[in-house]
Amino acid sequence: MILNMKKRTRRKVVDIEEMLVSSERKIDILTNLLKEASAEFQRSLEQITVSETNFRAIFENAPEAIIVLDKNTRRILDCNPFTIDWLGYSREELFSLHYDDILEPGASDIDNNVQKIMQNGLIRVLDRRFVMKDGTVADAEVTGTTIQFRGKNCLVVLARDVTERKSARDALLQSEQRFRDIATHLPDWIWEVNHDWIYTYSSVGAKNILGYSADELIGKPIWERMPRADKEALLKVLAVARLRPSAFKLYESRRRHRDNHIVHLESSGVPLFDDSGNLTGYRGIHRDVTQRKQLEEFSRYKELFESVSDPVFILDFNGKFLEVNDVAVEHLGYPRESILTMRVKSLVADGQRDKLFLSGEKVRIGETVQFELEMLRRSGELIPFEFHARPIVYKGQPAVLSVGRDLSMRKKLEQALVMTERLSAVGEMASGVAHNFNNLLQMILGAADAAAAKLASGKMRDAAEAVAKIQEASQRAAEVVRRIKDFTHFRENGSASRETSIDLGELLKEAVQLTQPLWKDLPDSRKYDVRLVQTDKCFAMGKPSEIYEVIVNLIRNALEAMPQGGTLNISVEPVEDTIYLKMSDTGHGISDENLQRLFEPFFTTKGLKSSGLGLSSSYGIIKRYQGEIRVESQVGSGTTFTVILPRAEAAPVEEVTEAACSEKKTIRFLMVDDEVNILKAMEMFFEDSEVELITCRTAQEGLVAFKQGHFDVILCDLGMDDVNGWEFGKQIKNYTKEKGLPKTPFLLYTGWDKRFDPDRLDESGVDRVVIKPVPGNKLIGILHEVISAASLAQPTRADNL
Amino acid sequence: MFKAKTVAVKDKFSVEMGRRMGRSLTETLGDRPRAAWLFSSPGKGLQELLAGVAETVGTDVLIGCTTHGEISSTGFSGGSAVLGGIVTDRIDFHIASVNGLGLDSEAAGRNLAQQLPDSVRYVQIFSDGLTGNGCAILRGMMSWMGEQIPICGGAAADGDKFQRTWQFCGPELLSDSVVAIGFSGDFKVGTGVQSGWSPIGIARRVTRSSGHVLYELDGQPALEVYKRFFGKHVENLPMVGIEYPLGLMDGSCLLDDPDYNMVLRASVSVSRENGSISFAGEIPEDSMVRLTCGDAKCTLEAAEKAVRLAMLDLGNCDPAIVFFFSCMARRIVLGRRTAEEVEVVRQEAGAGVPLLGFYSYGEFCRTRRGGPSLLHNETATVSILGFQ
């Protein structure tokens with residue numbers, strides 16, 4: 001038992017010792033910890049002091065409101081100087097207020113926010129409105145947290161005035177909205193590109209202008225959809241812009257719309273830079289100026305349209321005039337308003353309409369055509385035009401633009417040149433013609449001498465023979481004159497000037513006769529053998545004078561090709577439904593090079609001796625009659641010209657009708673001519689006829705005679721010295737009218753074989769022009785005709801009474 | 001139906017002893033247990049003891065480990081073996097084990113969890129306290145199971161030898177292993193954790209650490225800081241570190257919460273070369289720590305409080321069995337009063353409630369319902385099974 005007590009005691013002692021050791025250890029450790037804590041506390045105190053100082057500095061100098069509140073009552077316990085200035089209260093006033101007092105009435109969630117601060121330690125309210133003492137309201141961002149203030153857990157509110165920032169933000173938002181509105185509604189295309197000229201922004205205007213949405217363009221380069229030439233030009237400009245960035249204005253370029261039509265753009269822009277001053281891109285605007293360009297082009301075009309010296313027509317494809325310039329109006333003689341209601345075919349002769357139609361069809365398929373066309377003036381005059389026509393778009397519709405050139409002058413010049421050629425040909429033939437005339441005159445003189453001798457000797461039959469020879473020679477001389485006139489087209493109103501069925505064989509004979517002076521009985525050693533082989537019934541349509549001209553030209557050319565003489569074979573024969581007229585010479589031939597150009601106007605190998613129009617004129621004549629001229633030639637051997645014309649029926653023989661005169665009665669015929677021999681010849685001729693001829697040598701005599709006696713017909717020479725035929729005609733007409741007498745047929749007698757102005761004829765009361773020389777029998781026929789016509793036209797004298 | 005009994009024997013370990021224990025348990029239970037726990041000191045003949053128990057206990061669901069003191073319904077015993085068993089039709093038990101704990105504790109934990117069925121609602125683990133990283137095991141397990149299932153238990157000890165610990169899984173004697181028993185069925189479990197150590201001194205930040213090695217506090221070498229704490233007594237590290245464990249402060253806890261609990265870390269070794277201190281659990285970098293101080297009185301009070309908290313957590317259920325896993329460090333602090341801690345627990349839980357557990361090298365338990373299960377040092381952890 002004692003042992004146990006000892007054990008227990010020992011154990012207790014051990015326990016106590018252990019406890020003491022443990023306690024000592026604990027004391028040491030706790031002491032160390034206390035020291036550590038004390039030192040830490042000291043450091044913390046120092047830090048707090050520093051922190052407090054820093055806090056105070058911040059508190060006093062902060063550019064924000066710092067307000068300490070009681071966490072329960074939210075009464076203002078402290079605030080920094082900024083708060084006082086900001087709110088406008090004094091410190092004492094503020095300390096009497098609560099937080100809610102300085103907020104805009106109706107501020108929400110204050111209690112919740114305080115609770116959150118207490119729970120989370122921090123809260124941030126982005127938008128709180130404070131009311132100043134003067135009633136103004138300021139927007140602030142508020143941060144709330146807790147602090148220890150005067151030993152108590154308090155709230156601290158930091159308020160940053162963002163009124164200005166908010167205004168700026170609102171202004172920015174407004175500005176952005178304004179920009180968005182503008183960008184959305186402006187028809188222009190606002191854009192931005194980066195440093196590599198890639199679109200980074202594109203307004204909806206792009207869709208309006210180019211047909212592409214903003215999304216489709218962003219990421220694409222600024223030269224997207226640009227024609228190559230424009231792109232190359234732009235790249236050069238951009239290279240410079242990158243080196244020397246600057247604003248640019250009104251740069252013109254083109255783009256291809258989504259549907260591929262061209263859009264004209266006018267661009268302006270400014271460079272964009274980063275903070276370091278490096279170029280980051282450009283911002284600008286594209287404006288669609290396509291319409292303006294079209295208007296400008298249209299204005300330029302309109303100016304040109306009005307100022308050009310040739311007539312310009314714009315027509316639709318139905319031939320209706322859409323627009324004409326002043327020159328066209330002047331040429332046509334119609335008012336502009338009338339022209340714009342007309343179709344072109346109404347101003348074109350019937351025979352030209354096929355050509356017009358064919359040209360129109362070519363223009364319709366996009367061709368530019370050149371053609372000649374005669375247009376009808378209001379006065380009825382035909383004007384030859386050369387037209388250039390091409391397709392255009394006029395007011396959005398397909399149309400024809402036609403520019404005409406009046407060929408009248410050129411035609412006249414050409415005709416004059418051709419006439420000159422003819423005249424020169426006549427001139428060439430003049431000596432021959434003179435020779436012919438000399439021969440004929442010799443025949444006439446010889447026959448006249450013979451007639452006189454035979455009359456003196458009473459040999460009437462011989463005398464009559466001699467007179468017949470004189471008549472024959474005179475006829476032949478008249479034929480020579482007629483042929484020359486036909487060749488030179490002097491007889492404009494003669495039958496040779498009307499298109500008719502021509503006996504080509506007869507025409508050939510005449511042409512050969514006409515040109516005899518050039519190849520027969522030449523004074524030099526040249527010998528020409530002209531052989532004519534003709535076949536009957538070779539008829540072709542044409543104007544005899546024109547075909548005559550062609551044949552004479554070909555004969556002349558052939559003779560000229562044989563300067564030393566040679567053989568010319570001329571033939572005409574029908575081949576099925578064509579007539580082949582051939583002329584083959586043994587001349588020097590034509591080179592291949594010249595053959596190509598033979599029928600070109602003004603082409604000649606004869607230098608200044610020739611105008612070069614003969615063959616081109618001949619070609620044109622034959623072409624007009626649906627014929628052609630072929631040429632085969634070998635240099636050194638000769639040339640063959642073949643004229644091919646469509647075969648025609650023989651012309652009906654003109655029936656010579658007797659004068660419509662029911663009874664053969666005496667004709668009282670007054671003739672006025674200042675040529676005594678003509679009068680005497682007439683007197684002798686009509687002496688034994690039914691014509692009672694009264695002759696006068698002057699118009700004055702004639703008038704007196706007319707007043708004194710009744711005449712059935714008057715013939716007056718045109719070219720008299722005192723009063724000419726025109727004047728005399730007027731006098732007769734006036735007298736007749738004055739006296740109320742029926743009109744007496746008045747014939748004008750002249751050697752001029754040309755067309756007279758109808759108005760002038762009417763003015764002088766001329767019923768007919770008689771061309772000298774006229775055989776006596778024919779003159780009787782003419783007298784009967786005009787008397788008969790006059791009696792049919794006028795009421796009878798009895799009726800007149 | 002639920003019946004739980006414990007048998008404690010202090011004798012030389014042998015097959016026969018094991019058989020005796022097994023037969024005694026089944027007799028006491030009146031039936032073969034559905035699951036059995038064996039906690040023993042690391043004595044000679046351990047294999048034979050286990051074999052004997054396994055042969056006679058009547059169940060393959062046999063789990064346990066070596067300890068630093070055994071706890072049973074009869075109280076605390078050291079150098080003994082304690083066998084507990086449960087007969088019930090309300091709980092299904094599932095055991096699992098993973099070897100090679102020292103290689104990759106996290107993988108081992110995951111592997112262990114994967115062996116348990118999805119129906120498991122409560123798990124106890126007993127890991128090698130010397131080779132394993134208890135924090136990593138829990139991470140591995142929770143990565144598979146989630147944090148909702150409470151994981152309790154302890155790290156096996158080997159007396160105070162710190163040489164080798166053993167884990168039992170069926171008849172297998174394992175080492176460098178972690179064994180687990182999963183509970184599924186109709187039951188409730190309540191847990192409670194208290195250490196009794198109070199923070200002293202200023203909180204410090206862990207500025208450098210690696211796993212369970214602390215290198216720096218507030219930028220200063222840990223040993224230097226400890227020198228300032230302990231003065232001359234720093235020479236007694238790591239032992240003095242057991243008396244004054246480091247408390248990890250949970251940043252999410254509110255400072256004025258009366259139940260605020262720090263997770264303690266007991267120092268286990270010191271490196272005077274690099275000024276580092278190793279602990280019996282991970283020290284997360286950037287965590288705040290404080291030195292803690294306790295005594296026997298606080299220790300006992302803590303144990304009592306742990307039971308109260310567990311009962312509170314259990315709710316309106318009758319406790320059926322109490323599992324008490326405490327720390328060998330508490331034995332050192334309590335000394336001869338260790339038995340008082342067990343008694344306090346037994347009394348608080350109810351004298352008639354079976355009690356089973358051991359003194360470990362680390363304790364596994366959650367600190368709050370639904371929270372993650374943590375590794376504790378020097379802490380009394382209680383888990384009570386109950387039924388409504």
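Order of the sequence lines sets the chain letters (A, B, ...), proteins ahead of strands, with each chain counted from 1.
Between the CG atom in A/Leu33 and the CD1 atom in B/Ile202 there is a gap of 8.5 Å [rounded to 0.5 Å].
Between B/Arg336 and A/Glu18 there is no salt bridge, since no side-chain N of the basic residue sits under 4.0 Å from a carboxylate O of the acidic one. Of the charged side-chain nitrogens involved, at least one lies within less than 4.0 Å of a carboxylate oxygen, so that B/Glu243 and A/Arg25 count as a salt-bridged pair.
For a residue to count as touching a neighbouring chain, one of its non-hydrogen atoms must lie under 4.5 Å from one of that chain's; by this rule B/Val240 touches chain A with the side chain only. Interface residue A/Lys26: backbone and side-chain heavy atoms are both found under 4.5 Å from chain B. Using a 4.5 Å cut-off between heavy atoms, A/Leu34 does not touch chain B at all.
Sparse packing is recorded around CD1 of A/Ile2, with 12 or fewer heavy atoms of other residues, nucleotides or ligands lying under 6.0 Å away. More than 12 heavy atoms of other shown residues, nucleotides or ligands fall within 6.0 angstrom of atom CD in A/Gln177. Within 6.0 Å of CZ in A/Arg160 there are 12 or fewer heavy atoms belonging to other residues, nucleotides or ligands. Crowding of A/Arg124 atom CZ: a count of heavy atoms from other residues, nucleotides or ligands under 6.0 Å not exceeding 12. Crowding of B/Arg228 atom CZ: a count of heavy atoms from other residues, nucleotides or ligands under 6.0 Å exceeding 12.
Using a 4.5 Å heavy-atom threshold, the side chains of A/Asn32 and B/Phe229 count as separate.
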